Amino acid sequence: MADENKTIKLIIQRQDEPEAAPYEEEFDIPYRNNMNVISALMEIRRNPVNAKGEQTTPVFWDMGCLEEVCGACSMVINGEAQQSCTALIDQLEQPVKLEPMKTFPVMRDLAVDRSRMFDSLKQVKAWVPIDGTYDLGEGPRMAESKRQWAYELSKCMTCGVCLEACPNVNSNSEFIGPAALSQVRLFNSHPTGEFHKAERMDAVTGEGGLQQCGNSQNCVEACPKGIPLTTSIAALNREATVHSFKEFFGSDYHN
Amino acid sequence: MSENREFFYRRIHSLLGVIPIGLFLMQHLVVNHFATYSPEAFNQAAHFMENLPLRIFLEFALIYIPLLFHGIYGVYIALTSEMNLKRYGYFRNWMFILQRASGIITLIFVVWHVWETRLAHAIYGTEINFDLMAQILSSPFMFGFYVLGVVAAVFHFANGLWSFTVTWGLTVTPKSQRVMTIVSLGVFIIFTYMGLASLIAFAS
Ligand code: SF4
Ligand code: FES
């Protein structure tokens with residue numbers, strides 16, 4: 001039941017290329033029922049004319065799953081970093097303001113480069129080692145209660161919202177941010193992942209690690225997946241205390 | 001740990017804030033509180049502290065060196081964050097920013113305070129007693145400055161106690177962290193009261 005005359009006003013922060021200066025452009029697009037921010041952006045792509053009636057380039061953004069599991073479509077919508085695929089136009093105040101997340105380098109318009117997050121995951125070895133020169137066989141079983149707990153941590157989609165919310169993740173710091181830290185907790189508690197625990201703890205107390213958390217706890221409030229990030233950080237802090245004591249005073253094995 | 005000392009420095013920074021600096025702050029406010037009984041009571045308490053054995057050594061090892069490290073490294077930490085209170089106005093984010101602001105205020109206050117009451121004593125031999133404080137605090141401007149300094153210092157300590165328990169992994173669950181918030185609030189109220197009561201006693 002589209003209301004013929006109803007329009008949506010979008011104010012979009014645009015940027016033509018990584019080094020270019022950002023500028024704002026307004027758009028009025030026809031309203032349809034149940035629109036989300038991405039379908040509004042698709043409308044602009046279909047008919048790239050701005051609010052002044054001028055022909056312009058289509059707005060560029062990133063997306064994948066369209067169901068809040070890939071994290072690619074994160075952007076700042078009316079001041080709040082979130083996924084544009086699940087941001088419903090009916091629930092947003094107008095005009096709807098879209099900006100790229102400022103913590104990451106902008107590639108073009110609303111699309112950012114989240115490489116630093118993937119680099120951090122590599123830095124902290126956020127995986128379970130299963131490859132060897134021979135068949136490592138099945139890993140040990142995990143208690144169901146623990147699996148359920150771990151499942152919550154595994155929901156992270158590397159969307160970057162928690163890094164955007166963190167005052168200590170910025171261009172002055174190397175801080176890897178809450179997401180990768182929480183992944184360390186996940187993989188350290190996995191029966192096979194545990195084999196690399198000491199290496200992960202070294203990484204996590206190394207450059208840009210755990211120590212740079214300033215406890216503003218914005219991340220846990222902002223995470224769209226409700227991941228207990230600050231609990232993960234505090235748990236790692238405890239682990240790091242034990243780890244550094246062992247390392248300093250000595251222990252028979254390094255784990 | 002050999003290549004990356006940051007983890008170690010941050011932990012030392014956190015530890016020094018509580019031991020010895022936090023302990024010293026509490027002891028200092030307790031001694032000051034004698035001023036609310038009588039000038040003599042304060043002079044006596046201060047005199048006792050003054051006559052502790054190896055006082056100069058104690059002052060350097062337990063106060064000046066830890067304070068310098070904590071203060072200077074703390075400014076560096078404060079400068080590496082980018083405030084975002086406007087977009088994220090949560091309670092803990094407020095505390096995060098107030099912790100940094102109160103740290104800077106406390107640093108300025110403490111530098112001034114040490115100059116006025118310790119260095120001036122060392123250089124000009126000014127007698128440190130109730131009358132000195134009464135004279136300093138008779139100026140409304142200085143009184144205001146001291147109130148701000150004391151509140152900032154106590155806040156920084158109380159809230160720092162909260163972060164201390166997180167940093168060392170004592171409080172992990174949200175529930176224990178909430179309980180610690182209440183404990184730190186209690187510490188803040190008690191010591192702010194003691195500090196302000198002493199200031200009023202000096203000034204009146
Ligand atoms: S922890 Fe949450 S906010 Fe952070 S990247 Fe993962 S899903 Fe996004
Ligand atoms: S497109 Fe995958 S989370 Fe939005």
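Convention: sequence-line order gives letters A, B, ...; per-chain numbering from 1. Computed from a prediction, not measured in an experiment: that's the story for all the values here. Side-chain atoms are counted along with the backbone in the values below, which use heavy atoms only and exclude waters and symmetry mates.
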Interface residue of largest heavy-atom contact number with chain B, from A/Gln211, A/Gln212, A/Gln217, under 4.5 Å: A/Gln211
A/Glu68 atom CD, neighbour heavy-atom count above 12 within 6.0 Å: yes
Proximity breakdown for B/Ile97 and chain A, heavy-atom pairs closer than 4.5 Å: neither
Residue selection (most heavy-atom pairs with chain B, distance under 4.5 Å) from A/Thr230, A/Asn170, A/Val76: A/Asn170
Smallest separation among heavy atoms of B/Glu82 and A/Ser171, with atom names: OE2-OG, 4.1 Å
Interatomic distance, A/Met201 atom CE to B/Phe7 atom CZ [nearest 0.5 angstrom]: 7.5 Å
Greater than 12 external heavy atoms within 6.0 Å of B/Gln44's CD: no
Engaged part of B/Gln177 at the chain A interface, taking heavy atoms whose separation is under 4.5 Å: side chain
Over 12 foreign heavy atoms within 6.0 Å of CD, A/Glu93: no
Contact leader toward chain B among A/Thr231, A/Val242, A/Leu236, where contacts are heavy-atom pairs under 4.5 Å: A/Thr231
Heavy-atom closest pair, residues A/Gly214 and B/Phe96: O-CD1, 3.1 Å
B/Phe57 atom CZ, over 12 foreign heavy atoms within 6.0 Å: no
A/Thr241 versus B/Arg11, closest heavy-atom pair with distance: OG1-NH1, 2.8 Å
Which of A/Pro228, A/Ala235, A/Gly209, A/Ser232 touches chain B most, by non-hydrogen pairs under 4.5 Å: A/Ala235
Crowding at OH, B/Tyr64 (>12 non-hydrogen neighbours, <6.0 Å): yes
Closest heavy-atom pair and its distance - A/Asn215, B/Ser163: ND2-CB, 3.7 Å
Portion of B/Leu170 that has a non-hydrogen atom of chain A nearer than 4.5 angstrom: backbone
Whether A/Asn172 side chain and B/Ser81 backbone form a donor-acceptor pair below 3.5 Å: no
Proximal component of A/Glu164, with respect to chain B [non-hydrogen, under 4.5 Å]: both
Closest contact, heavy atoms only, B/Asn93 versus A/Pro167: OD1-CG, 4.3 Å
Portion of B/Arg10 that has a non-hydrogen atom of chain A nearer than 4.5 angstrom: side chain
Other residues, nucleotides, ligands: >12 heavy atoms within 6.0 Å of B/Gln135 CD: no
Closest-packed option against chain B by number of heavy-atom pairs under 4.5 Å, given A/Asn168, A/Asn218, A/Ile233: A/Asn218
Heavy-atom pairs under 4.5 Å with chain A, option from B/Met83, B/Lys86, B/Glu6 with the top count: B/Glu6
Inter- and intrachain pairs under side chain to side chain donor-acceptor pair (under 3.5 Å), touching residues 189-204 of chain B, at least two apart: none
Residue pair A/Gly79 / B/Arg87: nearest heavy atoms and the distance that separates them: O-NE, 3.2 Å
For chain B, the option from A/Ser216, A/Cys166, A/Ala234 that forms the most heavy-atom pairs under 4.5 Å: A/Ser216
Contacting moiety of B/Trp94, where chain A heavy atoms sit under 4.5 Å: neither
Over 12 foreign heavy atoms within 6.0 Å of CD, A/Glu144: yes
Euclidean distance, A/Arg238 CZ relative to B/Thr171 OG1, rounded to 0.5 Å: 8.5 Å
More than 12 heavy atoms of other groups within 6.0 Å of B/Gln27 CD: yes
